A.B. asks: 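Questions regarding the structure given below will be posed in turn.
From a predicted model like this one, the values you see are computed outputs, not experimental measurements.
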Amino acid sequence: MTRAIRFSDKRKFREQKLAGSFFIDPPNGEPTNFFYFCPCGCGVQSALKIGVKFKPAENPSWEWNGLSFEPSLLPSVNHVGHWHGWLKNGDWVSV
Ligand SMILES: [Zn+2]
């Protein structure tokens, strides 16, 4: 299990490459982008299209619960053939 840490500083986010950390840009966009480093620790950064408490019409997209310290995403996050799991209440949990 990996804890999801939110960064507000894009430069530090990119420098630290912390497994499971995330950065939301723009911070108040509707929908917006959820950038994150793979929870497995491989250092790969990916981005998801998210809505705050709603799932955007675009596909694929995810619903974020809007919480910085206890973030959850629906549905599950799948790097095909690499990592698949859930971000639930601030923890990345692989299936
Ligand atoms: Zn990985």
Side-chain angles (χ1 to χ4, degrees):
M1 203 157 66
T2 303
R3 195 71 189 162
I5 307 294
R6 183 175 181 175
F7 278 73
S8 54
D9 183 320
K10 194 173 214 167
R11 192 178 55 81
K12 285 183 183 164
F13 170 70
R14 286 179 168 165
E15 280 176 2
Q16 295 192 22
K17 299 186 184 339
L18 200 61
S21 64
F22 66 104
F23 179 82
I24 292 175
D25 187 29
N28 299 311
E30 291 285 353
T32 185
N33 303 296
F34 183 96
F35 296 92
Y36 67 101
F37 283 100
C38 183
C40 92
C42 65
V44 171
Q45 189 194 132
S46 299
L48 307 174
K49 183 68 67 179
I50 61 165
V52 182
K53 298 178 181 170
F54 75 98
K55 186 179 183 301
E58 297 142 76
N59 239 333
S61 63
W62 284 260
E63 177 178 338
W64 173 41
N65 64 356
L67 301 178
S68 293
F69 298 105
E70 301 286 328
S72 294
L73 289 177
L74 289 173
S76 64
V77 177
N78 189 12
H79 288 262
V80 177
H82 179 69
W83 190 90
H84 182 207
W86 300 84
L87 176 56
K88 195 171 182 191
N89 303 324
D91 289 316
W92 292 97
V93 183
S94 62
V95 291

A.B. asks: Please report the closest heavy-atom contact between Pro56 and Ile50, naming both atoms and the distance.
C.D. replies: CG-C, 3.5 Å
A.B. asks: Could you please spell out the steps behind the side chain to side chain contact (heavy atoms under 4.5 Å, CB included) verdict for Ser21 and Gln16?
C.D. replies: CA-CA 9 Å; Ser21 64; Gln16 295 192 22; over 6 Å; no
A.B. asks: Above 12 or not: heavy atoms from other molecules or residues under 6.0 Å from CZ of Arg14?
C.D. replies: no
A.B. asks: Is Glu63 paired with Lys49 through a side-chain N to carboxylate O contact shorter than 4.0 Å?
C.D. replies: no
A.B. asks: Which pair of heavy atoms, one from Pro71 and one from Trp64, lies closest together, and at what distance?
C.D. replies: CB-NE1, 3.6 Å
A.B. asks: Taking atom CZ of Phe23 and atom CD1 of Ile5, what is their separation to the nearest 0.5 Å?
C.D. replies: 15.5 Å
A.B. asks: Taking all non-hydrogen atoms of both residues into account, name the closest pair between Asp91 and Met1 and its distance.
C.D. replies: CB-CG, 3.7 Å
A.B. asks: Mind running side chain to side chain contact (heavy atoms under 4.5 Å, CB included) on His79 and Cys40 for me, showing each step along the way?
C.D. replies: CA-CA 11 Å; His79 288 262; Cys40 92; over 6 Å; no
A.B. asks: Does any N or O in the side chain of Trp92 come within less than 3.5 Å of the main-chain N or O of Gly20, such that one atom is a donor and the other an acceptor?
C.D. replies: yes
A.B. asks: Do Val77 and Ile24 belong to the same hydrophobic cluster, where Ile, Leu, Val, Met, Phe, Trp and Tyr are linked whenever their side-chain heavy atoms lie under 4.5 Å apart, directly or via other members?
C.D. replies: yes
A.B. asks: Return yes when atom NZ of Lys88 has more than 12 non-hydrogen atoms of other residues, nucleotides or ligands closer than 6.0 Å, and no otherwise.
C.D. replies: no
A.B. asks: Could you tell me whether the side chain of Thr2 and the main chain of Pro39 form a donor-acceptor pair under 3.5 Å?
C.D. replies: yes
A.B. asks: Which heavy atom in Gly43 sits nearest to a heavy atom in Lys17, and how many Å separate them?
C.D. replies: O-CD, 4.4 Å
A.B. asks: So if I apply the ring-ring contact (aromatic ring centres under 6.0 Å, His included) rule between Phe22 and each of Tyr36, Phe34, Phe7, which one comes out positive?
C.D. replies: Phe34
A.B. asks: Could you pull out all residues at least two apart from Glu30 that satisfy side-chain contact (heavy atoms from CB on, under 4.5 Å)?
C.D. replies: Val52, Phe54
A.B. asks: Would you give the length of the straight line joining atom OG of Ser94 to atom CH2 of Trp86, rounded to the nearest 0.5 angstrom?
C.D. replies: 13.0 Å
A.B. asks: Scan side-chain atoms only and decide if Lys53 and Asn65 contain a donor-acceptor pair under the 3.5 Å cut-off.
C.D. replies: no
A.B. asks: Please check this pair: side chain of Asn33 against backbone of Asp25, looking for a donor-acceptor N/O pair closer than 3.5 Å.
C.D. replies: yes
A.B. asks: Between Ser61 and Pro75, which heavy-atom pair has the shortest distance, and what is it?
C.D. replies: O-CD, 3.8 Å
A.B. asks: Distance from Leu18 atom CG to Lys12 atom NZ, nearest 0.5 Å?
C.D. replies: 13.0 Å
A.B. asks: Treating Ile, Leu, Val, Met, Phe, Trp and Tyr as nodes and any side-chain heavy-atom pair under 4.5 angstrom as an edge, say whether Phe69 and Leu73 lie in one connected cluster.
C.D. replies: no
A.B. asks: In this structure, would Trp62 and Phe35 fall into the same cluster of hydrophobic residues linked by side-chain contacts under 4.5 Å?
C.D. replies: no
A.B. asks: If you look at every heavy atom in Cys38 and Trp83, which pair is closest and at what distance?
C.D. replies: SG-CB, 4.2 Å
A.B. asks: Counting only heavy atoms not in Asp9 (residues, nucleotides, ligands), do more than 12 fall under 6.0 Å from its CG?
C.D. replies: yes
